[in-house]
Amino acid sequence: MRLTDRTSATRTKGSAPPRRGLLHGVGLVCARHPWRVICAWLLVLLAAVAANHTWGGSYADDFDLSGTPSQTGADLLDAHGAQGSRGQAAQIAVRSDDGSLASHKDELAVAQERLAGLPDVVSVAGPLDTSGAVADDGRTGYYTVRFGNSPATFEKSYLDRVDDAVHDLRADEVTVEYGGPLGQLARPAAADRASEAIGIGTAVLVLLLGFGSVAAAGFPLLTAVVGLLTGLSALGLLAAQFSFAAAAPTLATMMGLGVGLDYSLFLVTRHRKLLHTAATPAEAAARTVSTSGRAVLVAALTVTAALAGLFASGVGFIGMLGLAAGITVIVGASAALTLTPALLGLAGRRIDRWHVRTPVDEPDDDGDTWHRWAATVRRRPWTFLVLGLLILGVLGVPAASLRLGHVDAGASPTSYTERRAHDLIADGFGAGANGPLTVVVTLDKDRPTSADQRTDLGSRLHDALTGTPGIASATLPTATPDGALLVSTVTPDTGPQDEATTDLVHRLQDDVLPGTLSPSGATGYLTGTTAAQQDFRDVLADRLPLVVGIVVAAAFVLLLAVFRSPVVALKAAVLNLLSITASFGVVVAVFQWGWGSSLLGIDETVPVESYVPMMMFAIVFGLSMDYEIFLLSRVRETWLETRDNQRSVAVGLAGTARVITCAALIMTSVFLAFLLSTNVVIKMLALGLGVSVVLDATVVRLLLVPAAMYLLGQANWWIPRRLDRLLPRLDPEGSHAAPHGVEETVPSPAESR
């Protein structure tokens with residue numbers, strides 16, 4: 001016996017001593033000093049929460065589209081002092097319940113004066129003093145209020161001051177509703193807390209039923225919650241310095257809670273098995289971190305790399321959403337790799353002391369259910385391969401009809417003031433009034449124009465606009481104070497999210513404006529919220545292939561370095577793409593086609609929000625790689641020991657099937673719980689992510705992966721020698737360490753208890 005420190009000694013049954021790595025040391029230190037680690041995490045958590053409460057920022061949808069026609073038009077309006085171009089505009093819709101709006105003239109004027117006196121208000125245009133701001137029925141109209149900053153970012157208390165400003169109007173039997181960013185500020189608090197509670201409650205149930213042990217269920221939950229709260233607090237601090245979308249904290253919660261539970265569960269499961277062979281609980285925890293902890297680390301890096309790939313879109317709004325989710329993933333993985341072994345060390349061998357049924361470990365023989373399933377797949381690999389591909393193919397068919405767009409306020413619940421404002425304006429002025437377009441014409445500097453020439457050009461442009469199908473009305477173009485621009489407001493026949501409006505925007509940009517203005521040397525731009533949303537959609541659609549290519553390539557290289565197999569890496573990428581396409585198909589069928597959307601509280605069909613496919617792809621691809629790494633790392637571990645492909649696939653599938661199934665159930669419940677959100681975009685992400693996890697954990701992991709690996713045989717592990725030498729070595733399961741049961745550690749008296 002050779003002593004390695006004051007409290008323990010190591011002896012090895014084999015020819016080569018085991019190699020201990022950094023992760024083994026981290027796990028050993030955390031397990032031997034659990035209270036220090038637990039206290040450190042609690043201090044970090046409390047400090048982060050307190051700092052976020054004191055200095056944390058806010059979240060709002062704000063994106064920069066520099067170089068697009070809509071942004072160019074907006075910049076021109078601002079530069080040339082066009083009337084009503086400054087600040088962020090929000091509409092306040094009004095409808096008289098007793099007579100015409102004109103009969104409430106005094107109250108309307110008082111409300112306008114009070115609104116103009118509110119902080120951050122730049123200007124207010126009332127319905128009675130603005131052309132076209134009163135509907136033909138005389139009872140419906142709107143204020144246009146311009147703010148120095150987006151009111152969506154204001155404190156909720158600001159609404160009280162707005163309510164006070166319009167109090168007399170409401171008292172005089174005039175309905176008042178807030179639209180645009182002011183309506184966004186008035187949205188009730190999201191149902192995130194209820195969604196989180198449902199996700200956690202389901203996780204408790206799944207863990208108790210799956211593992212039987214209260215400790216085995218409690219440790220992953222505790223670790224995930226600590227990591228999530230710390231990550232969200234860190235995100236709030238970053239939000240004070242950078243712009244994050246309104247959906248950022250919800251998306252970060254979905255990801256942080258889901259992966260935090262998964263990673264810790266994976267470690268706890270491996271630890272409980274290693275307890276049978278390790279000399280001490282601390283050594284079992286150390287081996288767990290040095291083996292399965294490597295898989296967790298690689299999985300977390302893969303998810304983060306996929307999310308970082310969103311910056312390739314070139315749109316900061318999208319990249320920052322990926323960063324928000326990535327923060328909670330990294331913090332969750334850090335908690336799993338340190339706090340989990342500390343809790344395991346604290347529990348010692350009493351981890352199963354409190355149980356609701358006989359605790360279940362990983363299978364050790366070939367007679368369990370999952371070994372029998374692996375044998376079934378091995379006997380008929382072609383059948384299961386075709387069946388899996390058929391399921392994904394059928395579900396993916398609707399994806400071919402994918403239509404990107406923006407989900408407007410008309411899809412919000414009727415309990416929202418922004419929805420009621422939307423309906424008031426649509427009923428009074430037509431659906432297109434909720435998404436007017438602004439035409440900005442910049443005259444040729446090299447060809448000076450007189451007032452008569454500008455008038456003639458404006459008349460020709462007006463005729464071209466009013467003669468364009470899909471346009472309900474267009475104002476006569478007027479010149480800016482400096483005479484450099486002509487400006488016209490166009491009202492479409494259809495609402496902002498309708499496909500016909502998308503077609504109209506493209507028709508105006510590509511045909512009507514160039515055809516009308518080119519002979520005079522003038523250039524036209526479409527701007528306004530609807531045009532900006534269309535440009536946003538076009539930019540993302542153009543760059544989606546680039547993001548897909550970068551994420552897939554990065555994941556391929558990472559898997560190639562980890563598993564030393566081009567075949568395994570390529571198979572993983574292809575199967576993940578198929579499962580993502582299937583989840584896209586489900587989203588299209590539900591939201592765009594309306595199949596079952598009423599069950600989700602949506603009473604109309606909507607396009608798929610323009611950034612949802614890109615976000616879904618990055619998240620789903622990263623999460624799919626999580627399960628791929630968990631499964632293949634165990635397969636490769638057995639392959640390195642036995643060099644038997646069929647045995648390796650069976651052992652890997654049996655050893656990870658239960659933990660992957662439980663993890664998938666937990667993550668699916670976390671995602672689907674966010675269907676309670678009243679935000680339609682969050683519902684899209686929740687459904688798409690939930691379906692993708694189910695497909696990945698069942699069709700892909702239980703059918704396609706084992707069937708493909710059985711059919712490929714030894715080719716699974718082929719790699720050209722030159723490529724093998726060039727690739728860095730990333731060992732997901734610490735296979736260079738001694739095989740399980742080989743190394744024995746003589747415990748100290750304290751560790752033996």
Side-chain angles (χ1 to χ4, degrees), residues 65-91 122-127 129-133 142-147 180 429-430 432-445 447-468 470-492 496 501 504-535:
L65 294 174
S66 301
T68 62
S70 60
Q71 188 62 54
T72 302
D75 292 341
L76 286 170
L77 288 174
D78 188 58
H80 292 277
Q83 184 177 5
S85 66
R86 292 181 57 209
Q88 294 275 338
Q91 289 181 329
V122 176
S123 65
V124 181
D129 55 14
T130 304
S131 176
Y142 58 85
Y143 292 93
T144 299
V145 184
R146 291 192 169 273
F147 298 86
F429 298 90
N434 280 299
L437 302 166
T438 301
V439 177
V440 180
V441 177
T442 177
L443 305 176
D444 189 350
K445 296 179 180 179
R447 297 165 62 177
T449 55
S450 64
D452 290 340
Q453 289 174 319
R454 288 196 297 271
T455 300
D456 179 63
L457 178 61
S459 178
R460 284 190 284 114
L461 176 60
H462 183 258
D463 291 342
L465 292 174
T466 55
T468 300
I471 291 181
S473 64
T475 62
L476 189 66
T478 57
T480 53
D482 61 2
L485 304 177
L486 293 177
V487 183
S488 173
T489 300
V490 174
T491 303
T501 303
L504 174 62
V505 170
H506 286 149
R507 190 181 311 121
L508 292 173
Q509 288 177 333
D510 299 337
D511 300 323
V512 176
L513 293 181
T516 304
L517 302 174
S518 293
S520 64
T523 304
Y525 303 94
L526 275 184
T527 189
T529 301
T530 301
Q533 289 163 349
Q534 187 58 45
D535 284 343

Backbone N or O of Leu517 within a donor-acceptor pair of the Ser520 side chain at under 3.5 Å?
->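 Looks like yes, one N/O pair under 3.5 Å.
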Check: Asp463 main-chain N/O paired with Thr466 side-chain donor or acceptor under 3.5 Å |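 Here the side-chain-to-backbone pair exists.
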Can you tell me how far the CG atom of Leu485 sits from the OH atom of Tyr525, to the nearest 0.5 Å?
->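 Reported value, rounded in 0.5 Å steps: 10.0 Å.
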Would you give the length of the straight line joining atom CG of Leu465 to atom CG of Leu476, rounded to the nearest 0.5 angstrom?
->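 That separation rounds to 10.0 Å.
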Is there a side-chain contact between [X] and [Y], using heavy atoms and a 4.5 Å cut-off?
X: Thr72; Y: Leu76; result: yes
X: Leu461; Y: Leu513; result: yes
X: Thr501; Y: Pro496; result: no
X: Pro477; Y: Val439; result: no

Specify the closest pair of heavy atoms between [X] and [Y], including all atoms of both residues, with the distance to one decimal.
X: Thr516; Y: Arg460; answer: O-NH1, 3.7 Å
X: Pro481; Y: His80; answer: CD-O, 4.0 Å
X: Ala433; Y: Pro436; answer: O-CD, 3.3 Å

My understanding is that only residues two or more places apart in sequence, or in another chain, count here; which of them pass side-chain contact (heavy atoms from CB on, under 4.5 Å) with [X]?
X: Thr68; answer: Leu65, Ser70, Gln71, Asp535, Val539
X: Thr130; answer: Ala125, Ala133
X: Thr468; answer: Ile471, Leu504, Arg507, Leu508, Val512

Which of these, Thr527, Thr480, Thr475, sits in a side chain to side chain contact (heavy atoms under 4.5 Å, CB included) with Val487?
->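 Filter result, single survivor: Thr480.
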Between Thr530 and Asn434, is a side chain to side chain contact (heavy atoms under 4.5 Å, CB included) present by the stated rule, with each step listed?
-> CA-CA 9 Å; Thr530 301; Asn434 280 299; over 6 Å; no
